[in-house]
Structure formats: C-alpha cells, structure tokens
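This one's a predicted model, so the numbers in the text were calculated from it and none came from an experiment. Chain naming here is simple, since letters A, B, ... match the order of the sequence lines and numbering starts at 1 in each.
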Amino acid sequence: MKATIVSPFNKLPLSFYRRSNVVKIAKELLGKIIVTTFDGITTTGRIVETEAYNGAGDKASHAYGNRRTNRTEVMFSEGGVAYVYLCYGIHHLFNVVTNVKDTPHAVLVRAVEPMIGIEQMLLRTGKRKLDSTLTKGPGNVSKALGIHTRHTGRSLTGDEMFIADDGYIVKPAAVAATMRIGVDYAAEDALLPYRFIVRDNPFVSGRKLKL
DNA sequence: CTGACGATTCACT
DNA sequence: GTGAATCGTCAGC
C-alpha cells in the first residue's frame, strides 16, 4: 500500500456511519484516511487495522448490556462522532461511533499508515525516525495524530477530525479477518472475527498472520 | 470515599 | 516472555 494520495479527499458523509452493520463498516474503513487538524497542524494516516464493537450484545464492548455511564454515553450517540477513552491511564484510544442514536456501535482504529505530517507525528511521539512503530497499535495511532480524550464526542464531519476517501481501494484478497486483540475477558465473544487488517502491511499490530 | 482494573506499550530478561 | 507505568472510571460500601 503506497502512502500516496490517489485523488482529492472526500469527507465520508454521515450516511456512511449511520448504517446498522458495524462489522461491515469496520471492514470498509480499511484504506480510508483519518485527517486531524489541531492548532492548524494537519496530520493524516491511512487506516490499515480496525475492530468492530457490536453494541449491547457484545461482551467485549464497553456498552455491553446497554451499560450507560458518563464515559460510554457517547457510544449511544448518532453515528459519526469520535469515542476516545483512556486505557491503562496512559493511552488514548480512538473509536468511530456508528449506527443510530441509542445503538452503541463503534469501530476501534488500531493502526494507520502515516501520510501527511510525519514530522509532526515524530514530534508528538518523541520518535527520531519513521518506522512501523509510529502508528502501530491504537495507543500509538492517537498519539501520532494528536487525538486525546478531550476529543470524545467530537464530530467526524467537522474540520478538526474527519475520515476521508481518496479513491484508494484495498483489494478484497488483501483483507483478513481475525479475532480481536486484548478482549479475553469477553469469553466466547473474544473469538468473533471482528478485527480487520490489511495483509502484510508493516503497520498492522500484533504478530504476523500465518499463511 | 475506596480500591481494582483496563479495547496498551515499552523496556528488560 | 514478564512486569511496570499511570489515572480515569466504575462498582460497592
């Protein structure tokens, strides 16, 4: 996958997010571009790894059993906003909220391929040079793109954060579905094939997929 | 108010 | 492979 822009960015419309099949949306987000512009600085990355969290019936989801708390309330919003929360007291994890109001679906973005603003991403992460660790893993994605828990609930169709389609197509044969990462507590739901990756992309987290 | 813990990462053995 | 870092969230008292 080349880190080049195929054509002008087209901001994904709300209709993309408000559909009911979050697993399908997670798959379709592969190849799309996250664009953030904070304090006038733009950084972008192409999504290469996602995970679907399938609402009230998904034991791995924070919204399992329709649990509404101050933190999870944003997951119950109308699709098209960001759900960002703090994990292990350190990492800010970025999710895309989907479906309609009161149906708490979300897609966790686990890895992107850096495109624009790599110098700024290096500054934010304190890394010296570009390598796959810059945006591999959900904590690193947020750090590089400048996404913080303060951005939870923020619109994904505004100017500060949005997701764009530049016409790039990930070949269906290059997409693989696997179990989600770090959700062992979810019992049988941990086995669901809700994680999507672009095969052989160096920015995808976890161990290399066996053939 | 208190304590346990997490959709992780990184350094170290 | 193992363990520490680090703090907001949440259930329970």
To the nearest angstrom, how far is Asn95(A) atom CG from dG6(B) atom C1'?
-> 14 Å
Should Arg68(A) and Glu73(A) count as an ion pair when the cut-off is N to O under 4.0 Å?
-> yes
Phosphate oxygens OP1/OP2 of dA7(B): is one of them under 4.0 Å from a side-chain N or O of Arg110(A)?
-> no
Report yes if some heavy atom in the side chain of Lys59(A) is under 4.5 Å from a heavy atom in the side chain of Glu188(A); otherwise report no.
-> yes
Stacking of Tyr85(A) on dG8(C) base (centres under 5.5 Å, planes under 30°) = no
Is His62(A) side chain donor-acceptor paired with the dA7(B) base, going by distance under 3.5 Å alone?
-> yes
Atom CZ of Arg68(A) and atom P of dA11(C): how far apart are they, to the nearest Å?
-> 14 Å
Would you tell me if any nitrogen or oxygen in the side chain of Lys127(A) comes within less than 4.0 Å of OP1 or OP2 on dC10(B)?
-> yes
From CG of Asn54(A) across to P of dA7(B) the rounded distance in Å is 17 Å
Roughly, in whole Å, what's the span from OH in Tyr88(A) to C1' in dC7(C)?
-> 13 Å
OP1 or OP2 of dT9(C) sitting under 4.0 Å from any side-chain N/O of Thr69(A)?
-> no
Return the value, rounded to whole Å, for the distance between atom CZ of Arg67(A) and atom C1' of dT9(C).
-> 9 Å
Could Arg19(A) and Phe16(A) be counted as a cation-pi pair, given that NZ or CZ must be under 6.0 Å from the ring centre and within 45° of the axis?
-> yes
Side chain of Arg71(A) - closest among dA7(B), dC10(C), dT9(B) | dC10(C)
Is the shortest distance from a Lys or Arg side-chain nitrogen in Arg180(A) or Glu51(A) to a carboxylate oxygen in the other one below 4.0 Å?
-> no
Under the 3.5 Å Watson-Crick or G-U criterion, the dot-bracket string of DNA chain C, with | for inter-strand pairs = |||||.||||||.
Nearest whole angstrom, please: distance from the C1' of dC5(B) to the CD1 of Ile90(A).
-> 13 Å
Which one of Ile147(A), Thr42(A), Thr44(A) satisfies the side-chain contact (heavy atoms from CB on, under 4.5 Å) criterion with Thr36(A)?
-> Ile147(A)
For Met75(A) and dC10(C), what is the distance between atoms CE and P respectively, to the nearest whole Å?
-> 12 Å
dT2(B) and dT6(C), which share atom name P, separated by this distance in whole Å | 22 Å
Going by atom type alone, with no hydrogens or angles, which donor-acceptor pairs under 3.5 Å involve a side-chain atom of residues 86-98 of chain A and a protein atom two or more places apart or on another chain?
from     : atom 1 : to        : atom 2 : distance (Å)
His92(A) : ND1    : Thr149(A) : N      : 3.0
Asn95(A) : ND2    : Tyr83(A)  : O      : 3.1

Send over the distance from Leu93(A) CG to dT6(C) C1', rounded to a whole Å.
-> 15 Å
Does the cation-pi check pass for Lys11(A) over Phe162(A), that is, NZ or CZ under 6.0 Å from the six-membered ring centre and within 45° of its axis?
-> yes
Distance below 4.0 Å between Asn70(A) side-chain N/O and dG8(C) OP1 or OP2 = no
Nearest-Å distance once atom P is located in both dA4(C) and dA4(B) | 16 Å
